[in-house]
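Every heavy atom of this structure was used, including side-chain atoms; hydrogens, water molecules and symmetry mates were not.
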Amino acid sequence: MNPARIDRALVILGYLAQHQEGCTLKRLCDDLALPMSSAHDLLQVLVGLDAVKLLGQRTYALGPRSVVLALSIVDSVDIRHVSRPYLVELCEEINENTYLAVRSGSSVVYADRQEAGQTLSVVMKLGGPRPLHGSAVGKLMAACNADLEQRVLHAPDLEKYTPYTLVNRDRLRHEFEGIRTSGYSVSDGESVEGILGVATPVVDASGAVNAAVHVSAPRGRLSPDRLPFVVAAMSRAAAQISRQLGAAQDTVTPRSLDEIRAFEAGRHGARQ
């Protein structure tokens, strides 16, 4: 077993984890300063192991075994174990499906879910990446992580999932500033028309935001009157999880109902 070869394989997998859309062999070799012939041979081995998949001619992305391993690693980290009772409590309090979303490289994925049993509910796939510009959790992570924000603002092309998806860079920059001020993120039909999503930040011991509490529901169930109560409950749940992860007290103060109502009045006013 060649340690250098194993190290190169891990470097390649780490690079592909940051490029969920896939990457050409040439770009990978240029960015990692790897010889093309040896990188190609190693990628072929990883493809054979389902750790990497081939998307097109010499274009590679993470394969199913890497995704499963990533979720297993997430599962082994305390955050899912720590957050679960608070997700359950929140689910019972607001009677909506609740999620834990986590950062994975340059993307955001759902790592855990508690279902409320509503007749009409929004069930999000665990492990599936969410767009940084077109989802509540994606926008929250981008607003709280400078590298992700720059990735969005300097992306050559942003997909418009619905007529309401924000793709204008100036509007996105303003959106991120608003999220940092309010302490939560809202996606109103930006990923799926008629669905409203909300995300509140989970802060770890280092002060970083690499996870979030998330709720999605049909817009009619998250009306302007009810939404502040839901966001306040989510803010409390995220703060409780953050404290369990060792976050400093001054970084996890939940938003009050009055604060959220004021933020929502401003958000609706800006959209008028």
Side-chain angles (χ1 to χ4, degrees), residues 19-22 61 67 71 87 90-91 94 96-116 118 120-145 148-149 151-153 155-180 182-202 209-224 226-227 230-231 234-235 238 263-264 267-268 270-271:
H19 296 79
Q20 298 280 331
E21 71 282 2
V67 174
L71 285 174
L87 290 181
L90 176 63
C91 179
I94 65 176
E96 299 289 353
N97 293 355
T98 57
Y99 294 82
L100 174 72
V102 298
R103 178 175 177 175
S104 177
S106 58
S107 66
V108 183
V109 301
Y110 294 119
D112 204 1
R113 173 180 65 227
Q114 298 299 322
E115 295 189 31
Q118 289 271 15
L120 180 62
S121 64
V122 180
V123 180
M124 313 299 289
K125 180 181 177 182
L126 297 186
R130 304 301 301 148
L132 294 175
H133 69 291
S135 65
V137 290
K139 291 191 297 181
L140 179 75
M141 289 294 178
C144 296
N145 292 276
L148 296 184
E149 180 176 13
R151 183 179 180 86
V152 173
L153 296 178
D157 186 44
L158 294 174
E159 184 173 351
K160 200 169 179 67
Y161 299 99
T162 77
Y164 309 104
T165 308
L166 297 181
V167 294
N168 178 278
R169 304 314 193 268
D170 289 336
R171 288 189 64 190
L172 279 166
R173 189 177 289 107
H174 181 74
E175 181 85 354
F176 295 149
E177 290 172 357
I179 291 168
R180 286 190 285 268
S182 67
Y184 65 94
S185 172
V186 177
S187 171
D188 193 350
E190 296 160 42
S191 218
V192 180
E193 287 194 65
I195 301 301
L196 195 147
V198 187
T200 52
V202 172
V209 176
N210 289 312
V213 172
H214 173 75
V215 168
S216 283
R219 186 185 290 112
R221 285 215 306 268
L222 294 178
S223 65
R226 183 175 183 240
L227 183 60
V230 172
V231 176
M234 292 175 64
S235 183
F263 287 131
E264 283 302 289
R267 188 174 69 86
H268 285 293
R271 287 177 174 249

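- To the nearest 0.5 angstrom, Asn168 atom CG is 11.5 Å from His174 atom NE2.
- With rounding to the nearest 0.5 Å, the separation of CD in Glu175 from OG in Ser185 is 6.5 Å.
- Shown are Asp188, Val215, Leu222; of these, the side chain to side chain contact (heavy atoms under 4.5 Å, CB included) with Leu227 is made only by Leu222.
- Between Tyr161 and His133, the distance from one ring center to the other falls under 6.0 angstrom.
- At least one side-chain heavy atom of Glu193 sits less than 4.5 Å from a side-chain heavy atom of Pro163.
- In this structure, Ile94 CD1 and Arg221 CZ are separated by 10.0 Å, a value rounded to the nearest 0.5 Å.
- No donor-acceptor pair under 3.5 Å is formed between the side chain of Arg113 and the backbone N or O of Ala111.
- By the 4.5 Å heavy-atom criterion applied to side chains, Leu148 and Arg103 are counted as neighbours.
- Across all non-hydrogen atoms, the minimal contact from Ala217 to Glu96 is CB-OE1, 3.5 Å.
- Annotation for Tyr110 and Ala101: closest pair CD2-CB, 3.9 Å, computed over non-hydrogen atoms.
- Remark: the backbone N or O of Asn210 is not paired with any side-chain donor or acceptor of Asn145 at under 3.5 angstrom.
- Taking each heavy atom of Pro201 and Ala238 in turn, the nearest pair found is O-CB, 3.2 Å.
- Looking at Thr162, its side chain never comes within 3.5 Å of a backbone N or O of Ser191 through a donor-acceptor pair.
- In this structure, Cys144 SG and Arg180 CZ are separated by 8.0 Å, a value rounded to the nearest 0.5 Å.
- When all heavy atoms are compared, the tightest approach of Gln114 to Leu87 is CG-CB, 3.7 Å.
- By the 4.5 Å heavy-atom criterion applied to side chains, Val231 and Phe263 are not counted as neighbours.
- The two atoms that bring Ser187 and Ala136 nearest to each other are CB-N, 3.4 Å, heavy atoms only.
- In this structure a side-chain-to-backbone donor-acceptor pair under 3.5 Å is present from Ser135 to Pro131.
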Exercise. Could you walk me through whether Arg171 and Glu190 pass the salt bridge (Lys or Arg N to Asp or Glu O under 4.0 Å) check?
Worked result: CA-CA 13 Å; Arg171 288 189 64 190; Glu190 296 160 42; over 6 Å; no
Exercise. Going through the checks in order, is the side-chain contact (heavy atoms from CB on, under 4.5 Å) test met by Arg173 and Leu153?
Worked result: CA-CA 7 Å; Arg173 189 177 289 107; Leu153 296 178; 3.9 Å; yes
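- At distances below 3.5 Å, not a single donor-acceptor pair connects side-chain atoms of Arg219 with backbone N or O atoms of Leu196.
- For Leu140 against Ala199, the heavy-atom pair with the smallest separation is CD2-CB, 3.9 Å.
- The closest side-chain heavy-atom distance from Leu132 to Leu158 is not below 4.5 Å.
- Looking only at distances, no side-chain donor or acceptor of Thr98 sits under 3.5 Å from a matching main-chain atom of Leu90.
- Side-chain contact between Val152 and Lys139 is absent, with no heavy atoms from C-beta onward closer than 4.5 Å.
- Distance check, rounded to the nearest 0.5 Å: CG of Asn97 to NE2 of His214 gives 9.5 Å.
- A distance-only check finds a donor-acceptor pair linking the side chain of Arg169 to the backbone of Ala155 [under 3.5 Å].
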